[in-house]
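Below is one structure, written out as structure tokens, with a few remarks after it.
Because the structure is a prediction, the values reported are computed rather than measured. Atoms within each ligand, like the ligands themselves, are counted from 1 in listed order.
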Amino acid sequence: MPLVTTTEMFKKAYEGGYAIGAFNINNMEVIQGIIEAGAETRSPLILQVSKGARDYAKTIYLRKLMEAACTETDLPIAFHLDHGDSFELCKDCVDNGFTSVMIDASHYSFEENIAITKQVVEYAHDHGVVVEAELGKLAGIEEHVVSDTHQFTDPDEVEEFVSRTGVDSLAIAIGTSHGAYKFKGKAELRFDILEEVSKRLPNFPIVLHGASSVPQEFVELIDKYGGNVKGAQGVPEDLLRKAASMAVCKINIDSDIRLAITASIRKHFAEHPEHFDPRQYLKPARAAVKDMVKRKIINVLGSDGKA
Ligand code: G3H
Ligand code: 13P
Ligand code: ZN
């Protein structure tokens, strides 16, 4: 099945009280693991490419891998640019087979964010591509921008932002953050802000970035086999499930996949120090990606059986 936009999947997710997982891809094994998980659970999928992924793998390789994946499955799959930081980057992705782009101008002023987002929306919509934008700032690391504090989304700004830009979905800051070290103490999300935003934007898809759960068994496995990710902590799965049952239609997950791969490879080498054929450790790593994505689909997103 050819790649699709997120329009139909978000409409169904909003009405059905679930969310679609947007998983970051960097190589073939990650793509295959995600697609296998989607196929086994019959879940729609969003596969997304960051600027870092473009630099690492080259977009053409990732796009061709996506095309290959689409010949193997009838699942609805969207191909999304994660954290596009300029009109030029978004345009390049629109011109090169992406079905969805994010313009992240959240570090600019409100007016500048509107101006850049509007420019991307006009170009993307002319080419049948949908656009995600962001209001508010997440704490943590975001494409080399580091911030210690959350700048929560102001619900008073969302209606004006969406109506002036024509954007298709909106990422908001309610306490999630990028990476594997999200909370120093108690993990909390501002559901009051999410509720207020969804009152101002009825039937409008909301996006959560920085939504890995960092399951502690993976932290312990990495530790056990010689790594050190002590103190890593994510967003509890039940909080994400609650968000998915509300207006959140897209949940971004990258760090959990990284942890699954690293735990698998560390374990593999501890048990098989004599192995040096990459297929010997990448095969279980790919299976670990699949298991992690299935876990997300079933425990967090609720998108199983919705394809
Ligand atoms: O939001 C960031 C994603 O986790 C992508 O990370 O820029 O290291 O590829 P990256
Ligand atoms: P995590 O670091 O929590 O996986 O978030 C990924 C993300 O938001 C990608 O845009
Ligand atoms: Zn993000």
Within 4.0 Å of some non-hydrogen atom of Ser255, the atoms of ligand 2 are 1 (P), 2 (O), 4 (O)
His83, N/O/S atom nearest the Zn ion (ligand 3): NE2
Should Val197 and Phe204 count as side-chain neighbours, where that means a heavy-atom distance under 4.5 Å? no
Does the pair Lys290/Glu40 count as a salt bridge with the N-to-O cut at 4.0 Å? yes
Region of Ala211 engaging ligand 2 - heavy atom pairs below 4.0 Å: backbone
Numbered in order shown, the ligand 2 atoms found under 4.0 Å of a heavy atom of His209 are 8 (O), 10 (O)
Sub-3.5 Å donor-acceptor pair from the side chain of Ser50 to the main-chain atoms of Gly52, do we have one? yes
List every atom of ligand 2 that sits less than 4.0 Å from any heavy atom of Gly179, numbering the atoms from 1 in the order shown and giving each element. 2 (O)
Give the numbers and elements of all ligand 2 atoms closer than 4.0 Å to a heavy atom of Gly210. 1 (P), 3 (O), 5 (O), 7 (C), 8 (O)
If you group Ile, Leu, Val, Met, Phe, Trp and Tyr by side-chain heavy-atom gaps below 4.5 Å, do Val131 and Phe10 land in one group? no
Quick one: which ligand 1 atoms are inside 4.0 Å of a heavy atom on Asp254? 3 (C), 4 (O), 5 (C), 6 (O)
Just to confirm my output: which protein heavy-atom neighbour is closest to atom 10 (O) of ligand 2, and how far is it? Asp82 OD2, 2.7 Å
Under 4.0 Å from a heavy atom of Arg258: which atoms of ligand 1 are those, numbered in the order shown and with their elements? 4 (O), 5 (C), 6 (O), 8 (O), 9 (O), 10 (P)
Nearest heavy-atom pair of Leu45 and Gly38: which atoms, and what distance? CD1-CA, 4.0 Å
Below 4.0 angstrom from a heavy atom of Ser50, which ligand 1 atoms are there? Numbered from 1 as shown, please. 5 (C), 7 (O), 9 (O), 10 (P)
Do NZ/NE/NH1/NH2 and the carboxylate oxygens of Arg295 and Asp291 come within less than 4.0 Å? no
Please work out whether any backbone atom (N, CA, C, O) or any side-chain heavy atom from C-beta onward of Asn24 is under 4.0 Å from ligand 2, and answer side chain, backbone, both or neither. side chain
Atom of His209 nearest the Zn ion (ligand 3) (restricted to N/O/S, atom name only): ND1
Determine, for Lys51 against Asp104, whether the closest basic-nitrogen to carboxylate-oxygen distance falls under 4.0 angstrom. no
Taking 4.0 angstrom as the limit, do Glu157 and Arg164 come out as a salt bridge? no
Give a yes/no on ligand 2: does Gln48 have at least one heavy atom closer than 4.0 angstrom to it? yes
Check: of Lys51, Met102, His178, min heavy-atom distance to atom 2 (C) of ligand 1 comes from His178
Electrostatic pair Lys242-Asp238, nearest N-O below 4.0 angstrom: no
Pair Lys283 + Glu29: basic N to acidic O under 4.0 Å: no
Kindly say whether Ser109 contributes a backbone atom to a donor-acceptor pair with the side chain of Glu112 at under 3.5 angstrom? yes
At a 4.0 Å threshold, what atoms of ligand 1 neighbour a non-hydrogen atom of Asn24? 3 (C), 5 (C)
Any nitrogen or oxygen of His83, side chain or backbone, less than 3.5 Å from one on ligand 2? yes
NZ or CZ of Lys306 within 45° of Tyr18 ring axis and under 6.0 Å: yes
If we number the atoms of ligand 2 from 1 as shown, the ones under 4.0 Å from a heavy atom of Ile253 are 4 (O)
Given Lys182, Arg258, His178, Lys250, which has its nearest heavy atom closest to atom 3 (O) of ligand 2? Lys182
Can you list the atoms of ligand 1 that are under 4.0 Å from a heavy atom of His83? 1 (O)
